[in-house]
Structure formats: structure tokens, C-alpha cells
Amino acid sequence: MKVLVVGNGGREHALVRKLAQSPEADRIFCAPGNAGTQEIAENVSIPANDLPKLTRFAKENGIDLTVIGPDDPLAAGIVDLFEAEGLRVFGPNKKAARLEASKIFAKELMRAEKIPTAQARTFSSSAKALNYCDEVALPVVIKADGLALGKGVVVAHDRAGARHAVHSMMEERAFGDAGRRIIMEECLCGGECSVHALVSGKSFRMLATARDHKRSRDGDEGPNTGGMGAVSPADNWNAERESNFNSSIMQPLLDGLTRNGTMFHGLLFPGLMITDDGLRVLEFNCRFGDPETQAILPRMKSDLLPLLVATIESGLENVAIEFDPRIAVTVILASGGYPGKYETGKPIEGLENAARLPEVQIFHAGTKRQDGTTVTSGGRVLAITALGDSVPQARERAYAAIDKIHFEGCHFRRDIALRPAHT
Ligand code: AMP
Ligand code: GLY
């Protein structure tokens with residue numbers, strides 16, 4: 001099979017590496033890819049949001065399976081375009097991708113199916129939302145309806161902060177049309193957990209769980225990022241929670257989607273809060289998580305390629321998925337200043353020495369080749385994953401690899417996979 005992976009992050013490098021191990025994969029392309037994917041696949045210089053060019057490339061090159069990494073092309077309907085051309089593609093179509101692309105759509109569906117989530121109100125008028133800031137219980141969580149690069153969520157602890165968030169989303173349009181409508185919802189307390197499942201219409205199979213570390217600095221301080229590290233399996237998950245998750249979240253969700261004529265085929269990754277009152281859905285993601293994927297896939301023993309094909313075509317009733325029971329710890333190395341402004345073009349040293357360490361895998365994110373060297377080209381630069389029999393062993397291996405890697409301004413969290421104080 002010829003496989004195309006769309007995207008250029010650490011998630012896509014992890015997908016390319018895993019798919020390249022499949023005996024069924026003959027050639028792998030990555031569009032646009034990074035310096036890491038270039039070593040094991042053929043990079044194609046088409047941006048992930050150039051839907052017509054991607055479709056043309058897949059058609060002209062006889063691609064047998066395209067796997068979409070990021071959320072934006074899914075929300076823009078890349079799957080519908082590929083399918084109209086008779087091309088096989090992994091990911092939900094535009095209608096199903098609304099689960100992630102519209103938080104209001106997701107909220108309404110959860111309400112209709114009685115799926116546990118934060119109590120929320122929806123606003124399409126900034127005046128009404130600003131008035132509500134005077135009476136709402138604090139803290140309050142304010143969310144832009146649409147996609148905002150993971151930055152469209154604000155937890156406001158006072159009324160001025162709430163008003164500021166409403167003003168910036170709805171009036172200043174800080175996230176463009178994503179802030180045309182907003183949600184204001186109760187603030188939930190607890191530990192978070194990312195659950196990944198392959199979904200094929202009415203059937204689904206869980207992959208492994210993971211816990212992401214979203215804040216930029218140790219001790220869960222600093223601004224939210226795309227994710228600064230992950231541990232898989234999540235240390236706050238157990239069989240009882242999984243059974244509740246299946247019966248009170250996944251099953252009603254798939255029933256609700258089917259009832260309104262939406263067939264979901266792809267990867268569904270609900271972000272959960274584990275509260276004292278049980279599981280609550282914070283959001284639905286319609287794609288693999290980043291950096292969760294860099295922790296989950298190195299633990300996966302099964303061949304991913306036939307699983308993705310089964311998700312699209314034959315269903316998941318008869319498939320088994322096997323995972324390595326060991327722990328994977330993934331630490332992100334970011335550019336100085338990320339998630340704010342940062343510089344790029346910094347040479348990266350020590351990658352080969354780090355990759356030689358036992359049970360270590362290095363995934364590239366914001367990197368590119370320039371004049372024969374690998375340089376930084378984004379905010380999140382590398383994801384370093386290590387497997388271990390215990391969290392301390394996996395952490396030790398990951399941080400030993402990080403010790404060998406250098407680039408100017410590099411920053412990372414030292415407390416990945418340690419339990420934050422509040423969980
Ligand atoms: P979302 O994009 O909806 O997952 O939100 C991003 C992050 O904001 C989540 O991972 C949580 O850390 C936080 N968050 C979202 N909704 C809530 C909520 N209702 N209560 C507390 N924190 C939340
Ligand atoms: N790490 C969170 C996400 O991929 O949305």
C-alpha cells in the first residue's frame with residue numbers, strides 16, 4: 001500500500017513511524033512533514049490546509065490510504081473531498097468533525113443524549129454574554145465555539161477577567177469567526193484524562209489512555225499550550241472508569257450521532273475531567289492527540305495500518321488491539337518563548353546520541369533540514385518518548401535523552417508524569 005500522512009507535527013512523525021513498520025506499507029508520504037518524517041518517508045511540500053492539492057496528489061500518485069493528522073482540514077471537509085474522488089481516507093467527514101469544530105454542536109448533542117458534561121449556556125450576542133458575566137458563579141470557563149489552535153478556552157476567576165474574555169472573543173474576534181458564538185460553563189475540578197478510541201459508525205475500540213500536561217511550566221503553572229508532555233497509560237484511569245465511560249459516554253454518543261444521520265469513522269478522543277461526581281466530558285477531539293500519540297503509539301504492539309482500514313471499511317467488531325503494558329513518558333522540548341513569540345532556525349545538536357539510548361524514541365515536531373543540519377522551525381520542536389517498567393524508570397530514560405540534546409532557548413517541563421498536586 002501507498003500511504004499518505006497529512007500534517008507536520010510530532011503526532012504525524014509518530015504515525016509515520018508506526019505505519020512504516022507495517023508489512024503492508026510499501027511507500028509512505030508525509031505532507032508537508034518535518035526533518036524527522038523526511039528520514040523515514042517521502043516529504044511532499046503541500047501544506048495540510050491545501051485541500052485541492054492534497055486530493056490531486058493522492059489521485060495522481062495512487063495513494064491507497066490517507067491519514068489526516070490535524071483538526072483544521074477535517075473541519076474544512078478534506079474527507080468529503082477525498083471520498084468524492086473515490087480515495088480511501090482515515091478521519092471523520094465534515095459533518096462528523098463538527099463534534100470538535102463546534103463546541104456548541106457537541107454540547108447540544110451531549111445534552112440530548114444525557115452525556116455528563118459541564119453545565120453551560122450558549123451566547124451569540126456579546127451584550128447578553130457581558131450581562132451574564134455579572135451574575136454567573138465564579139470561576140467560569142469561557143470557550144469560543146470554533147477551532148482556535150487550543151487557545152480558545154479561558155478560565156476566568158473574576159468578573160473583569162470574564163468580561164475581558166468575552167470582549168476579546170466576540171467583539172475583537174481574537175480567534176476570528178471561531179468566536180462568533182461562545183459557551184460559558186461551570187468550572188470543573190479534578191484530574192484530566194485523554195481517551196483515544198477508533199470509531200467505525202456504531203462500533204468502537206479503545207486504544208490506550210494518556211494524560212496530557214497542558215500548562216507551560218512545572219507544577220501546572222503558566223499559560224496553556226498544545227501540550228508539554230504526556231504519560232500513557234493515564235495514572236488516574238481504572239476498569240470501573242472505563243466501564244462508565246463506555247456506557248455513559250461512548251455508547252450514547254454513537255447512538256446520538258447515528259440518530260441524526262452522522263456516521264463517525266476515525267479517531268475520537270474525548271478529553272475528560274475526573275471529578276468527585278464522576279466523569280465529565282470537557283471536549284471531543286476528532287483526531288489523534290498531540291503529544292498523546294507520541295506516548296500511545298510506541299506502546300502499541302498491533303499493526304496500526306489494518307486497524308485504520310477496518311475503521312473505514314469493515315468495522316471494528318472483530319479486531320483486537322494489543323498494547324505493551326509498560327509506561328511511556330513523552331516530554332516536549334519547546335522553543336524559548338513558546339507558547340508566546342519564539343525564534344526559529346536554531347541548530348539542534350545531539351539527536352543521534354540521544355536516539356541511541358535504550359527504549360528512547362525521538363519524534364520531530366517543529367524541525368526542518370537547512371544546509372545539511374536540522375534546525376528548529378516551530379514552537380514545539382521535539383517529543384522525547386521513553387518506555388519503562390515504572391514511571392520513574394521511563395522518566396529517567398526520557399530525561400537522560402534530553403540531557404544529550406541542545407538548541408538555543410530550549411525549554412521543557414521537568415515534572416512530566418509526576419502527579420499534579422490537585423489530582
Ligand atoms: P478544551 O479545549 O475544551 O478541552 O479545553 C482546554 C482545557 O481547558 C482543558 O484541557 C481543561 O484544562 C480546561 N477546561 C475546559 N473546560 C473546562 C471546565 N469546564 N472546567 C475546568 N477546566 C476546563
Ligand atoms: N494534547 C491535546 C490535543 O491534542 O488536543
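We number each residue from 1, following the sequence as shown. Counting starts at 1 for both ligands and their atoms, in listed order.
- Aromatic ring centres of Phe288 and Phe269: separated by at least 6.0 Å.
- With hydrogens and angles disregarded, a donor-acceptor distance shorter than 3.5 Å links the side chain of Arg159 to the backbone of Val136.
- From the protein, the heavy atom lying nearest to atom 2 (O) of ligand 1 is Glu283 OE1, 2.9 Å.
- At the shortest separation from atom 19 (N) of ligand 1 among protein heavy atoms lies Glu185 OE2, 2.8 Å.
- Atom 20 (N) of ligand 1 has Leu188 N, 2.8 Å as its closest protein atom, hydrogens excluded (heavy atom only).
- Residue-ligand proximity: Cys187 is placed with a non-hydrogen atom under 4.0 Å from ligand 1.
- Salt-bridge formation is not detected for the pair Arg11/Glu292: no Lys NZ or Arg NE/NH1/NH2 atom is positioned less than 4.0 Å from an Asp or Glu carboxylate oxygen.
- With a 4.0 Å heavy-atom cut-off, ligand 1 is reached by the side chain of Val153 but not by its N, CA, C or O.
- Among protein heavy atoms, the minimum distance from atom 2 (C) of ligand 2 is reached at Asp212 OD2, 3.5 Å.
- The pair Asp255-Arg259 fails the salt-bridge criterion, with no side-chain N (NZ, NE, NH1 or NH2) lying under 4.0 Å from an Asp/Glu carboxylate O.
- Not a single heavy atom of Phe288 sits closer than 4.0 Å to an atom of ligand 2.
- Salt-bridge check for Arg211 with Asp235: passed, with a basic side-chain N closer than 4.0 Å to an acidic carboxylate O.
- Of all protein heavy atoms, the one lying nearest to atom 3 (O) of ligand 1 is Lys143 NZ, 3.0 Å.
- Using the six-membered ring where Trp is involved, Phe123 and Tyr132 have ring planes that are tilted, between 30° and 60° apart.
- Near Gly289, meaning under 4.0 Å from one of its heavy atoms, ligand 2 places the atoms 4 (O).
- The distance from ligand 1 to the heavy atoms of Met273 drops below 4.0 Å at these ligand atoms: 21 (C), 22 (N).
- Looking from atom 23 (C) of ligand 1 to the surrounding protein, the closest heavy atom is Leu282 CD2, 4.0 Å.
- You'll find the ring centres of Phe57 and Phe29 inside the 6.0 Å limit.
- In terms of protein heavy-atom proximity, atom 18 (C) of ligand 1 is closest to Val141 CG2, 3.6 Å.
- The closest approach between any non-hydrogen atom of Arg280 and ligand 1 is not below 4.0 Å.
- Taking the charged nitrogens against the carboxylate oxygens, Arg88 and Glu83 have no contact shorter than 4.0 Å, which rules out a salt bridge.
- A salt bridge between Arg413 and Asp220 is present, with a side-chain N of the basic residue lying under 4.0 Å from a carboxylate O of the acidic one.
- Screening residues 131-145 for salt bridge (Lys or Arg N to Asp or Glu O under 4.0 Å), with sequence neighbours left out, gives Asp134-Arg163, Lys143-Glu185, Asp145-Arg181.
- For atom 5 (O) of ligand 2, the nearest non-hydrogen atom from the set Glu283, Glu292, Arg287, Met228 comes from Arg287.
- Scanning the protein for heavy atoms near atom 12 (O) of ligand 1, the closest one is Glu192 OE2, 2.5 Å.
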